[in-house]
Asker: 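Got a structure for you, written out below as structure tokens; questions coming shortly.
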Amino acid sequence: VLGAAQANAGWAFKAMYEAFAPAIAAYARSQGAFDPDGLTNEVLFAAFRALHRFRGDETRFRSWLFTITHNRVIDDRRKRAREVPRSSRTPEEDVLLGGDVEEEALARLGDAGVRALLDRLTADQRNVLLLRVVADLSIAQVAQIVGKPPGAVKALQRRGLAAVQRQFEHEGVSL
Amino acid sequence: LSDFDVHPDDMDSERPLPQLSDREVECILDGQVPAHRHDVEALAGLFEDLRATRAAASPRPDADLAAVFAHGLPEDHPPAPSWAAPSWAARSDPEPRRRAGRERGRWRPLGALVRSGTLLGTVAGKLMVAAAIAAASVGGAQVTGVVDVPGLPDRMRDLDDRGERRHDAATQASEAHRHHHTPASRAGEADDRGSDGMPASSEQPGDGMDGGETADRASGGAGQDDGQKAADEPGNAVPADDAPVADASGAPPADDDAEEAPAEDAADRAGSAADRRNHKGEGKAGGQAATEAGEGADDEATKTQMQTPKGAAGREDEDT
């Protein structure tokens with residue numbers, strides 16, 4: 001599929017989109033991106049345009065794709081930090097955006113509990129845990145994306161787990 | 001409440017963290033509860049839910065992506081944004097690395113400057129530069145004779161020695177020449193008498209500046225303007241050091257015609273020879289050089305008088 005996409009085959013792009021878009025959207029959502037779906041489309045379109053420069057197999061492609069996603073999420077976070085805080089979308093806007101509003105609302109409620117826990121972590125701990133779990137990357141791949149040694153990544157994920165565990169015990173959060 | 005009126009739950013951060021092995025950490029991240037670790041069951045549940053979000057509803061592709069799925073990327077699509085080109089992905093491509101190497105080579109002079117600056121920034125670099133400057137200063141002072149450092153070649157002394165050797169050779173050549181051209185010598189003697197009534201050897205020997213001036217006159221000029229002075233005083237056309245030049249000119253007898261061209265030429269040549277010698281004595285004052293030349297001239301004149309057979313004019317003079 002990767003080779004076909006590099007040869008500019010439309011079907012290959014579609015297959016790749018279906019394979020990676022849910023994980024990218026989940027990562028963007030768990031990182032608190034303002035428009036996770038839009039960000040996902042943006043990331044994948046940019047990745048397709050830069051695909052001719054990529055060299056490697058599909059495992060490496062996954063790592064490459066989440067590097068782009070991670071960079072884009074950081075850009076989005078910085079941009080929003082500079083902008084005036086916007087009000088959250090109204091239910092009418094949700095209807096205009098399309099989709100099953102009830103399902104999305106329930107999903108957001110579930111995500112809200114997880115995100116409340118993840119927001120208590122440091123940025124590095126959160127990045128490492130989300131890349132490990134949501135992006136399904138190895139320690140070495142995560143180390144490459146966040147620019148830290150594998151040992152540091154291990155320590156970060158261990159400390160992140162311990163912090164979440166303490167919150168459970170402290171607040172009695174049930175998911 | 002504890003003795004410190006703090007609820008135990010408020011001291012969570014003080015409690016030791018649950019010790020987890022690497023395998024247990026991996027189990028929790030996979031959403032599974034490790035064996036005999038029921039204390040982390042909620043933690044494993046959290047990551048199971050988080051993992052499940054990957055399978056949530058897939059976003060809808062926008063119009064651009066839909067066009068790509070239908071027709072592929074357009075030929076004239078704009079380049080990808082900078083955040084879409086991870087640096088480590090470029091590193092995996094050998095071609096950009098070679099290109100980067102070529103670009104590095106192009107900036108090699110700048111790199112050398114940077115390396116030089118880095119070297120100068122270190123203590124060793126500063127010491128090297130200081131040592132080079134000190135060596136150059138000492139060498140320069142030694143060459144100019146300001147200081148005398150043992151072990152270094154003395155250029156001044158070398159030059160002096162060379163000058164003396166040349167002087168000796170010139171003297172020998174002068175003597176040899178005089179033996180071959182006795183009439184000219186005689187004419188020179190007559191010339192001497194004609195100019196100031198005394199032979200050159202009877203003049204006061206050079207003893208400093210005054211002697212230098214005398215020597216100037218005797219030798220045909222070793223000073224600054226000695227060439228012209230000698231030409232003005234043709235009677236002094238018997239040079240000391242550069243005798244061959246003056247003798248070879250065949251100076252005419254002493255009379256008013258002494259200012260004729262041959263004598264003038266001889267004086268000029270003698271003057272220029274003396275100039276050359278004077279220049280060779282680098283670093284010495286002109287007066288000193290002139291003094292030496294004067295001494296040489298006196299000696300030479302004495303020798304000439306003693307060695308040269310007296311001519312008719314000389315005998316007449318003695319008889320008188």
Side-chain angles (χ1 to χ4, degrees), chain A residues 8-11 13-14 17-18 21-23 25-26 29-30 36-38 40-41 43-50 53-56 60 64 67-68 71-72 75 98-100 103-104 107 110-111 114 117 129-130 132-134 136 144 154 157-158 161-162 164-166 168-170 173-175, chain B residues 9-10 12-13 15 17-20 22 24-26 28-31 39-43 45-62 64-73 75 77-90 92-96:
Chain A
N8 202 16
W11 64 267
F13 288 125
K14 188 174 183 183
Y17 184 88
E18 288 169 353
R29 200 175 295 121
S30 56
D37 292 357
T40 302
N41 284 334
V43 165
L44 281 167
F45 189 59
F48 292 159
R49 282 191 292 169
R53 290 205 298 257
F54 174 77
R55 301 282 183 277
R60 197 170 179 82
W64 183 69
T67 304
I68 297 173
N71 292 343
R72 184 66 188 85
D75 274 0
D100 190 338
E103 189 183 332
E104 277 192 19
D111 286 350
V114 174
L117 281 170
L129 287 175
L130 289 176
R132 288 285 340 258
V133 176
V134 179
D136 200 18
Q144 207 167 26
K154 270 187 182 182
Q157 72 180 13
R158 192 181 287 273
L161 287 178
V164 174
Q165 177 69 11
R166 273 200 303 267
F168 279 152
E169 293 175 358
H170 177 62
V173 175
S174 59
L175 297 172
Chain B
D9 286 348
D10 292 338
D12 282 344
S13 58
R15 289 191 302 189
L17 300 175
Q19 294 298 314
L20 299 168
D22 284 350
E24 287 171 342
V25 167
E26 292 301 318
I28 292 168
L29 292 178
D30 284 341
D39 54 333
V40 293
E41 197 171 342
L43 198 60
L46 167 74
F47 286 102
E48 189 179 6
D49 290 345
L50 198 56
R51 195 171 279 272
T53 59
R54 291 187 304 180
S58 180
R60 292 183 186 81
D62 56 16
D64 289 338
L65 280 171
V68 170
F69 297 159
H71 311 292
L73 285 167
E75 292 298 323
H77 64 84
S82 58
W83 49 262
S87 57
W88 61 264
S92 70
D93 184 5
E95 181 58 27

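Sequence lines set the chain letters: A, B, ... in the order given, protein chains first and strands last, and positions in each chain run from 1. Nothing here was measured: the structure is a model prediction, and the numbers come from that model.
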Asker: Between atom CG of L44(A) and atom CG of D62(B), what is the distance when rounded to the nearest 0.5 Å?
Answerer: 9.5 Å

Asker: Could you check whether K154(A) pairs with E26(B) (Lys NZ or Arg NE/NH1/NH2 to Asp/Glu carboxylate O, under 4.0 Å)?
Answerer: no

Asker: Compare all side-chain heavy atoms of L161(A) with those of L29(B) and state whether any distance is below 4.5 angstrom.
Answerer: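 Answer yes - side chains close enough.
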
Asker: Donor-acceptor pair, distance only, cut-off 3.5 Å: does the side chain of D37(A) make one with the backbone of R60(B)?
Answerer: no

Asker: Can you tell me how far CG of D64(B) sits from CZ of R49(A), rounded to the nearest 0.5 angstrom?
Answerer: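 These two atoms lie 8.5 Å from each other.
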
Asker: Given a strict heavy-atom distance threshold of 4.5 Å, which part of D30(B) is in contact with chain A: side chain, backbone, both, or neither?
Answerer: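 It is neither, since no heavy atom gets under 4.5 Å.
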
Asker: Below 4.5 Å, heavy-atom pairs only: which of A26(A), A9(A), P22(A) has the largest tally toward chain B?
Answerer: P22(A)

Asker: Where does A25(A) contact chain B at under 4.5 Å (heavy atoms): side chain, backbone, both or neither?
Answerer: side chain

Asker: So do L130(A) and L50(B) actually touch side chain to side chain, heavy atoms under 4.5 Å?
Answerer: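 Counting from C-beta outward, L50(B) and L130(A) do come under 4.5 Å.
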
Asker: Taking all atoms of both residues into account, what is the closest heavy-atom pair of P61(B) and N41(A), and its distance?
Answerer: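 For P61(B) versus N41(A), the nearest heavy atoms are CA-OD1, 3.5 Å.
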
Asker: Pick one of side chain, backbone, both or neither for Q157(A), based on which atoms fall under 4.5 Å of a heavy atom in chain B.
Answerer: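 For Q157(A), the side chain is the part near chain B, not the backbone.
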
